[in-house]
Amino acid sequence: MSFTSTDHKRIGLLIVGTSLVLMSLVGVLALLMRSQLALPDETFLDAHVYNQLFTIHGSGMIYMVMTPFALGLGVYLVPLQIGAPGIAMPRTTLMGYWLYVCGAVTMLSGFAANDGAHPDGWFSYPPLADRVNSPSVGSDLWIVGVFLAVTGSILIGWTVLWTVLRKRAPGMTMMRMPVFSWSMVATCLMVVGSFPALLAALVMLAVGRVDPAVFASNVWNIGYQHIFWFYGHPVVYVMFFPYLAAVGEVLAVFSGRRFFAYKGTVLALLTFAALSMSVWGHHMFATGQAANDYYSLTSILLLMPAGIEYFALIGTILGGRLVFRTPMLFALAFIPQFLIGGLTGVMVGTPVIDYHVHDSYFVVAHLHYVLFAGSAFGLFAAVYYWFPKATGALLRENLGKLHFWLLVAGTNLTFLPMFALGYLGMPRRVYTYDAIDGFGWLNLLSSCGAGVLALAMVVFIVNVLESLRSRRPAGDDPWGGQTLEWATSSPPPEMNFPPERPLPPITSYAPLLDLEKQKRTGAGRTPAAGEGSQA
Amino acid sequence: MDHRRVFGEVFTLETAIASFVFAAVLALMAVAVIRRRAGTGRHPSQRAENNRLESYYLGVLGVVAVFLVVYTALANHREHHTPADRPTTRVEVTGFQWCWEFRYPRAAAQRTVSVQGNCRDKQFPTLVVPTGTTVKIKITSKDVIHSMWIPALRYKMDAFPNHRNTFALTFNQTGRWRGRCAEFCGQRHKSMDFWVKAVPPDEYRKWLSTQAAASATGAAV
Ligand SMILES: [Cu+2]
């Protein structure tokens, strides 16, 4: 085990492993918050501590878990899927990883500061986040930490994008790339196009911490919001596409067929990525300082590419022969659960509705359906699906299914009541509420759900440790995979496809499926290695 | 209550559409999971795409999207339209860490009436308004960003320092509702609540003059 290896698989696993550890850490912060909110007028946590918890929970999950995990998956898988021996500029990728680690440590070290960690939420609007209103060193550490982690993400994004453009195997045309690799193209385009805006916003905050007078002028306050959300909406799709595409690949493999409506999906991903750059104002309907009609138009138009993606997912399973292994269960649950996030997304993209539900628990519910009920289920589908490839060992099926069912129950129990809470008037980011508000039983349900989620995560951790301790060999291709990573050994050798494991012919975006079909129909005819790869 | 009415119409429609889509997706998934599971012995489809169906479907999505954009934009404009023939009440709202001030400029015999609280011990200031008029609100902040949310009216507007937002509310019935600060604003964000009380116009005028008299004697002391 080397922390300085330039093998993309090693770097990918470091990124993915680090983000899973951080997911557990900042997930615990959410458990503390749900304990505090279980009953009205609780005094388990005070406002000062609670504010730090929701800030670091949100910042941690977005900047340091869901984004890096998505990119790490790309670092691991994209070179394999496109038949490359490695990633372009591996040292840059590695530097990105270490910037990310330093950023995470810096941000979390805020808890050790005198006044505690940063308390202003993951988007930290000025003037609240200036030095006058947030004097803690924890706030400075947050700015530095997020800056480092996001810089790391940008570097990693560039190297993955460059890999796709420059390192594809002969015969691997763009339109033969697996859906997951395509999703990484769209994702990395958004990373390099929009993440620098966050760096700019953080610089603004840093300037405001040196000289708070900057934020005496409204231009800088509203300007910060525009620049922040120029990053802040594309990042939602950065935390969505790779997981959606992982779900797509899992659905195709466990349906025993190729992914349906491939071209439409690729186009939808690119359209989505392009539109994502012009919807940011829908986070600002209530500011009275955004062109609401325009941002509502672009936001609602997103339902077209999103609808095409759903067309592909459902089309894939409707014509399949479905096998319900653990990755498939997570992928199937992704479909309706993410849909709840998407449909309520149309609602919050509608100004008339958003005026009411903005900054309420309705939005908290919406974003957790997108990021947790959706993306995190895609994340687990990916983990269960590619774990055997990366480690050579299978995860336990029974523990996996237990993890799945607990996670489904916990997710919906935790987040469904929040829609009602927001509708009924509970603002987000309050550390407690009054008994007379009538929010009590819905909050209690939600907190019980959080307990179930914690249990599910324990089962997952036990499953990983147990499967690594007493290994059940996976073989090279335990699922009947369709893409190139399943054509090499598990785990893949340093060069990915060494002379003794040459690349199969690359005939489409599901080359192993073509090979299988060819074997079945053209019995007796053995295709030479490389055949069909020169199209 | 115009905001509440418009919100109700749009929210109901979008919830109905969303429920239909959700039910349709669930039904299709049920078909797949039941009829296409491996045990049934069916072979997987060889078809990679269905461009014809896909383009019809995209057309339907486009129609739905355009309808939603236009319909909700019109609703938004309707919500913000104030009829010219209704009398107007002007209030200046200021958010500060951590409570509210409601000022009625030159409202009672050229005197400005001001209501301000500190939101401690669950004592919240009350915004008193007359029914049947257009209540024009100018809102700003003294320090950080706040947001004035009246859940019963289904409406909120942010309060920015160094900037003034304006919006209008109407009340066609008397009553008292809770208002809250929706934008996170620091340590006591949670208790930055207020009340909105709608009273008949004559009662409102009486209230204004008592307030004006009270502040006049207060100033004389
Ligand atoms: Cu406030």
Side-chain angles (χ1 to χ4, degrees), chain A residues 47-48 120-121 125 127-128 133 216-218 221-222 255-258 260-264 286-288 292-293 296-297 300-301 303-304 307-308 310-311 314-315 317-323 332 335-336 339-340 343 346-347 350-353 355-356 358-360 424-425 427 429-432, chain B residues 3 6-7 10-11 14 18 21-22 25-26 28-29 31-33 36-38 42-45 47-50 54 57-58 61-62 64-65 68-69 72-73 75-76 79 143-145 147 149 151 154-158 160-163 165 167 178 180-190:
Chain A
H48 185 58
D120 299 333
Y125 288 161
L128 183 63
N133 291 294
S217 161
N218 178 58
N221 291 321
I222 197 71
S255 296
R257 62 169 298 182
R258 73 185 60 233
F260 182 70
Y262 170 84
K263 273 190 224 126
T287 61
N292 290 5
D293 286 343
S296 176
L297 164 82
I300 291 177
L301 285 186
L303 73 81
M304 293 171 71
I308 292 296
Y310 261 72
F311 180 79
I314 289 171
I317 57 172
L318 269 180
R321 181 179 172 277
L322 275 53
V323 181
L332 284 172
I335 299 176
L339 186 61
I340 295 180
L343 293 170
V346 175
M347 293 183 178
T350 303
V352 171
I353 296 179
Y355 297 141
H356 178 45
H358 178 68
D359 272 333
S360 81
L424 293 174
R429 297 175 173 168
V430 290
Y431 75 103
T432 188
Chain B
H3 294 291
V6 174
F7 170 90
V10 176
F11 188 77
E14 288 200 4
V21 172
F22 189 69
V25 167
L26 275 191
L28 290 171
M29 282 187 73
V31 170
V33 166
R36 308 294 311 200
R37 63 180 197 278
R42 281 170 199 266
H43 289 294
S45 160
R47 185 162 197 167
E49 51 196 0
N50 184 339
E54 192 172 334
Y57 169 71
L58 189 62
L61 287 178
V64 173
L68 278 178
V69 168
T72 61
N76 191 21
E79 176 176 356
D143 35 54
V144 302
I145 304 167
S147 188
W149 182 23
R154 315 286 190 250
Y155 198 74
K156 70 171 62 70
M157 180 59 87
D158 289 354
F160 276 74
N162 187 236
H163 177 80
N165 274 327
F167 64 104
R178 188 65 161 261
R180 301 182 190 278
C181 176
E183 185 68 59
F184 179 71
C185 56
Q187 196 74 343
R188 282 174 50 210
H189 165 60
K190 183 258 153 199

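Computed from heavy atoms alone, side chains included, the values below leave out hydrogens, waters and symmetry copies. All chains are named by letter (A, B, ...) in the order of the sequence lines, taking the proteins before the strands, and each is independently numbered beginning at 1.
- Separating the NE2 atom in His356(A) from the CZ atom in Phe7(B) is a distance of 4.5 Å, to the nearest 0.5 Å.
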Legend entry - Trace of the side chain to side chain contact (heavy atoms under 4.5 Å, CB included) decision for Phe260(A) with Asn50(B): CA-CA 8 Å; Phe260(A) 182 70; Asn50(B) 184 339; 3.8 Å; yes
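- Of the listed residues (Ala286(A), Gly288(A), Ser296(A)), the greatest number of heavy-atom pairs within a distance under 4.5 Å of chain B belongs to Ala286(A).
- Heavy-atom distances place both the backbone and the side chain of Leu297(A) under 4.5 Å from chain B.
- Counting heavy-atom pairs closer than 4.5 Å to chain A, the top-ranked of the candidates Met29(B), Arg42(B), His3(B) is Met29(B).
- Residues Asn221(A) and Tyr125(A) have side chains not in contact (no heavy-atom distance under 4.5 Å, counting atoms from C-beta outward).
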Legend entry - Check against side chain to side chain contact (heavy atoms under 4.5 Å, CB included), Leu68(B) and Thr350(A): CA-CA 9 Å; Leu68(B) 278 178; Thr350(A) 303; over 6 Å; no
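- Contacts of Tyr57(B) with chain A are made by side-chain atoms alone, with heavy-atom separations under 4.5 Å and no backbone atom involved.
- With a 4.5 angstrom heavy-atom cutoff, Asp293(A) touches chain B only via side-chain atoms.
- Taking CG of Asp359(A) as the start and CD of Glu183(B) as the end, the distance is 4.5 Å to the nearest 0.5 Å.
- Contact count against chain A (heavy-atom pairs under 4.5 Å) is highest for Ala48(B) among Ala18(B), Cys185(B), Ala48(B).
- Counting heavy-atom pairs closer than 4.5 Å to chain B, the top residue among Ile314(A), Asn292(A), Leu424(A) is Ile314(A).
- Between chain B and the options Ile300(A), Leu322(A), Leu303(A), the largest number of non-hydrogen pairs under 4.5 Å is found for Leu322(A).
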Inset, instruction - Decide side chain to side chain contact (heavy atoms under 4.5 Å, CB included) for Arg154(B) and Val6(B); before the verdict, give the C-alpha distance in whole Å, the side-chain angles of both, and the deciding distance to 0.1 Å. - result: CA-CA 9 Å; Arg154(B) 315 286 190 250; Val6(B) 174; over 6 Å; no
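- Heavy atoms of Asn76(B) lying under 4.5 Å from chain A belong to its backbone as well as its side chain.
- Heavy atoms closer than 4.5 Å to chain B are found in both the backbone and the side chain of Ser217(A).
- For the set Asn133(A), Ile317(A), Leu318(A), the entry with the most heavy-atom pairs within less than 4.5 Å of chain B is Leu318(A).
- Heavy atoms of Ile353(A) lying under 4.5 Å from chain B belong to its backbone as well as its side chain.
- If you measure heavy-atom distances from Arg258(A) to chain B, the contacts under 4.5 Å come from the side chain alone.
- If you measure heavy-atom distances from Pro336(A) to chain B, the contacts under 4.5 Å come from both the backbone and the side chain.
- Taking CZ of Phe184(B) as the start and CG of Asp120(A) as the end, the distance is 6.0 Å to the nearest 0.5 Å.
- Comparing Pro44(B), Ala65(B), Pro151(B), Ala182(B) by how many heavy-atom pairs each has under 4.5 Å with chain A, the most go to Pro44(B).
- Looking only at heavy-atom pairs under 4.5 Å with chain B, the residue among Leu343(A), Asn218(A), Thr432(A) that has the most is Asn218(A).
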Inset, instruction - Would you sort out whether Glu49(B) and Tyr262(A) count as a side chain to side chain contact (heavy atoms under 4.5 Å, CB included), showing the intermediate values? - result: CA-CA 7 Å; Glu49(B) 51 196 0; Tyr262(A) 170 84; 5.7 Å; no
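- Ring geometry for Phe160(B) versus His163(B): interplanar angle over 60°, hence perpendicular rather than tilted (30 to 60°).
- Options Lys156(B), Arg178(B), His189(B), Arg37(B) differ in how many heavy-atom pairs under 4.5 Å they form with chain A, and the most are formed by Lys156(B).
- Looking only at side-chain heavy atoms (C-beta outward), Tyr355(A) and Glu79(B) come within less than 4.5 Å of each other.
- Heavy-atom pairs under 4.5 Å with chain A were tallied for Val31(B), Val21(B), Leu26(B); the largest tally goes to Val21(B).
- No more than 12 heavy-atom neighbours from other residues, nucleotides or ligands sit within 6.0 angstrom of CZ on Arg321(A).
- Distance check, rounded to the nearest 0.5 Å: CD1 of Ile145(B) to CG of Asp158(B) gives 7.0 Å.
- In terms of heavy-atom pairs under 4.5 angstrom with chain B, the leader among Val323(A), Leu301(A), Leu332(A) is Leu332(A).
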